[in-house]
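Heads up: the structure comes next, in structure tokens.
The model shown is predicted, which means the values in this text are computed figures rather than measured ones. Just so you know, these numbers use all the heavy atoms, side chains as well, and skip hydrogens, waters and symmetry mates. Chain naming here is simple, since letters A, B, ... match the order of the sequence lines and numbering starts at 1 in each.
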Amino acid sequence: MSEQIISSRGRTWFEVLSAGGTKIAGLAGSVLAADKLIGSMPARLIAIVPDAANRFPRAARGEVGLLEGWNVARVVREVIAADQDQTTKRAIIAIVDVPSQAYGRREEAYGIHQALAAAGGAYASARLAGHPVVALIVGKAMSGGFLAHGYQANRLIAFNDPGVVVHAMNKAAAARITLRSVEELEALAEKVPPMAYDIRNYATLGLLWKLIDISAPECPSNADLATAQDALLAAIADIAQSPRDLSGRLHAKNRQASRHVRELLRAQWQ
Amino acid sequence: MNKQHLLTSKSFIELSARERAKSLLDAGSMRELIGPFDRVKSPWLEQQGIVSQADDGMVVAKGTIDGAPAVVLAIEGGFQGGSLGEVAGAKMAGALELAAEDNRRGIPTRAVLLLETGGVRLQEANLGLAAIAEIHAAIADLRRYQPVIAVVAGTVGCFGGMSVAAALCSYLVVTREARLGLNGPQVIEQEAGIEEYDSRNRPFIWSFSGGEQRFKTGLVDRYVADDAQEIGSTVRALFQQGVPASHRDERVTEFLNMLDRVDTAQQAESTAVRMIFGKEM
């Protein structure tokens, strides 16, 4: 069997960040995991990458499918179990470059929703168990793929770069489903921040912890690597001072309604 | 099912979200939070020329179930396909967060989710997706203390990020009308072609994502008739079982072993899924 490595930002950043670390064996070809010290902090790094030989053909281009969801769950839950009795819990770093979830008959048939829940649930469990969980968004963070791999992190860090996109659905499909042309959708995205596709607009929603400037995201320099490592360490330090929930995401002006609803609920709860 | 039962039974599917919530709570115990008169509407729809709704399609109902404190979160599938925008999403996430907080203070509040939804409301795209991530987080938190039960009765079904929320719940209850799947049939057909998924072939779609198939393949816990009384008694019985020893998403080795047995050179058949995932009935 010939092994064909497809390059992707996710793979590139996994390799530079985990260089010299211990790779986890026995995973699907589309899931990379390694243990590595970031500064003096032990961390497990996890990436989902394209795998032309994927047994599930609809998940060969980096999509999050059945094997990806369950394998990510495996490497996250291994860490939770291994550190169960430790006072200092290893950090878990999700390197995010996921174009979408996998769209296919096999995927629906064998419960891709459950596979995504396995990954997302594992990250959430790790966070609740006290592991600092950080998502580093180096490329695309789309829809169900991002829900499974990254969105449960305590802190989200993204590259300030046009190749970075966070969204619920790709433009063409979103236009069809909302009965608009792509041009109309783009015009609306200019005015309505939650609909925007670019990372700077996304940053106005208050969900990101930090945007970092990286000069060469496809082929990182030593300075780029240092910038990313520093941001990860700063996030881990910040998490240590904060609650282990996602409340840090609620502060932006463009999330007023999310805060207002929670305040009203609390006032009316008892 | 005898004739007398047919004459006296009441359809759950035909109930509105508010009526569904009420039917699950102890009689006279329901109190709605952020109801339509609070008029907390979507801040994003009107600027896109879309009519908003005074409850944003989400009912938050507090009360008791068998005397224990409970909150029922019911999605109104008739408004925007049950999709979750910022407000609807925050109502569900916020109520689950408060239920978990109650448990940390010794109040055993439990939650039922009534899911009729296509997932993210694309007109509020990133804030819908973020809210769904917060719902996942809150389910993962609350289920450490109390079972979180989801009911998918139909007819909208449960898709997108909310199918992932359903898959995180302690127990999942479905009817024959229910569908549960990540991607809606039309989206799969658009992305992968009609050979892969024919969105107009209803028997084909139900054979994979319908309630009966999901039950026979162990991806849901209870398969019930469209009967408000039966759904109510099923929910109460599941609460009595307490938090399961392991949640479905935690059974990693078991699912990886089952996926190893899938012949992926062949296109999927619902009978093959039953062979590999099926439980002895």
Crowding at NZ, A:Lys140 (>12 non-hydrogen neighbours, <6.0 Å): no
Do any of residues 179-186 of chain A come closer than 4.5 Å to chain B, heavy atom to heavy atom, and if so which ones, in number order? A:Arg180
Any idea how A:Tyr110 and B:Phe277 line up, ring-wise: parallel (<30°), tilted (30 to 60°), or perpendicular (>60°)? perpendicular
Do you see a donor-acceptor pair shorter than 3.5 Å between the side chains of A:Glu107 and B:Asn183? no
Honestly, the part of B:Asp260 sitting under 4.5 Å from a heavy atom of chain A is both
Does any backbone or side-chain atom of A:Leu188 lie under 4.5 Å from a heavy atom of chain B? Answer side chain, backbone, both or neither. side chain
Over all heavy atoms of both residues, which pair between B:Glu86 and A:Asn254 is shortest? Give the atoms and the distance, please. OE2-O, 3.9 Å
Side chain / backbone / both / neither for A:Gln114 at chain B, heavy atoms under 4.5 Å: both
Which atoms of A:Arg58 come close to chain B, meaning under 4.5 Å heavy atom to heavy atom: side chain ones, backbone ones, both, or neither? side chain
What part of A:Glu78 lies closer than 4.5 angstrom to a heavy atom of chain B: side chain, backbone, both or neither? neither
Is there side-chain contact between B:Gln190 and A:Ile177, with at least one heavy-atom pair below 4.5 Å? no
Residue A:Arg266 versus chain B: region with a heavy atom under 4.5 Å: both
